[in-house]
Amino acid sequence: MSKAFDYIADIFLPNRCPCCGSFIRWDGLVCEECRKGLALCENSAEIPPEGCSAAVSVFVYDGCAKQGIYSLKDGCGKGFAVCGAELLAERLNGSGAELVTCVPMARRKRAERGYNQAELIASELAKRLGLECDPRILTRRPTSLEQHDLSAADRNEFAKTLYGVSKKHRDIAGMKLILVDDVHTTGATLAACAQKLLSLGASEVLAATLCRAVKKEKK
Ligand SMILES: [Zn+2]
């Protein structure tokens, strides 16, 4: 049903590569050139964010991947989320996680944008791992302040004040969770959300992101 829809939609709105904008097959995710150009994060982060037992990412946050994230935020990068979720699932297969959740977006912002990109990645990942995705465990309060305007130390403090727990969240006591976000930069957001999940009794939190900002990835 949705495949047939994608095929027909492609006639009116041709499918484009989320990283470079070139036309691709109706069911393509990322063009061949960009797929080759995407640098992979081979290892988990050496020091995972506080509260996370490990932090797994698939792409280095640079070049093609940066463009893919911009497209994702613009609402036309689903192919990038799916392609990254496939690779994330390969890495997280056998992790023993029981539930997938994601970094929340402030309610109003989500309504304006129509979706939360972290939730999109989380649901694609959960599908591939055969797990349930519950994006409604945590909440985020609205703010006009942008995290990237802050120093690393200020980011940590600021992030701690941003996230809360949904009033009607499910019981996650004793559960091992995968926490999804689009990009892992300083890890302040992942740490703040992981602490909240641990405070609800989660036994372990594994961070999973499409991209990680790295100074220099050894080849
Ligand atoms: Zn491309």
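Counting starts at 1 for both ligands and their atoms, following the listed order.
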Side-chain ion pair, Lys36 and Glu32, N-O less than 4.0 Å: no
Worked check of side-chain contact (heavy atoms from CB on, under 4.5 Å) between Arg136 and Lys168: CA-CA 8 Å; Arg136 280 169 291 274; Lys168 286 188 188 165; over 6 Å; no
The Zn ion (ligand 1) to nearest N/O/S of Cys64 less than 2.8 Å: no
Sidechain N-carboxylate O distance under 4.0 Å for Lys127, Glu124: yes
Angle, SG of Cys17 through the Zn ion (ligand 1) to SG of Cys31 - 10° precision: 120°
Any Ile69 side-chain heavy atom under 4.5 Å of Gln117 side chain: no
Under 2.8 Å: N/O/S of Cys19 next to the Zn ion (ligand 1): no
